[in-house]
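All values below come from the heavy atoms of this structure, side chains included, with hydrogens, waters and symmetry mates left out. Quick caveat: nothing in here was measured; it's all calculated off a predicted structure.
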Amino acid sequence: MNMVFTLGLRHTAVVCSGLPLMVESQVAQTSFASFRAVS
């Protein structure tokens, strides 16, 4: 029980720390695409 709980917490921490990176890359891709469309 305790080990599963610890693994769950670790998994949640990894997801939460990886989320800004995913959003950042998504925003970068979108702005790059619109920048290419303009130019």
Side-chain angles (χ1 to χ4, degrees):
M1 168 64 188
N2 196 19
M3 184 177 173
V4 173
F5 181 69
T6 306
L7 283 175
L9 274 181
R10 190 170 301 170
H11 178 74
T12 304
V14 167
V15 170
C16 287
S17 63
L19 200 58
L21 287 175
M22 279 170 41
V23 172
E24 202 173 306
S25 65
Q26 190 71 35
V27 170
Q29 283 181 4
T30 306
S31 59
F32 183 68
S34 60
F35 176 75
R36 283 187 59 178
V38 167
S39 62

* Asked: Under the criterion side-chain contact (heavy atoms from CB on, under 4.5 Å), which of Leu9, Val4, Asn2 is the partner of Thr6?
  -> Asn2
Can you give each donor-acceptor pair under 3.5 Å made by side-chain atoms of residues 10-23, sequence neighbours left out, with the distance rounded to 0.1 Å?
| from | atom 1 | to | atom 2 | distance (Å) |
| --- | --- | --- | --- | --- |
| Thr12 | OG1 | Gly8 | O | 2.8 |
| Ser17 | OG | Ala13 | O | 3.1 |
| Ser17 | OG | Val14 | O | 2.9 |

* Transitive ILVMFWY cluster of Val38, excluding itself - 4.5 Å side-chain cut-off -> none
Name the atoms and distances for all side-chain donor-acceptor pairs under 3.5 Å in residues 27-36, with sequence neighbours left out.
| from | atom 1 | to | atom 2 | distance (Å) |
| --- | --- | --- | --- | --- |
| Thr30 | OG1 | Gln26 | O | 2.8 |
| Ser31 | OG | Val27 | O | 3.0 |
| Ser31 | OG | Ala28 | O | 3.0 |
| Ser34 | OG | Thr30 | O | 3.3 |
| Ser34 | OG | Ser31 | O | 2.9 |

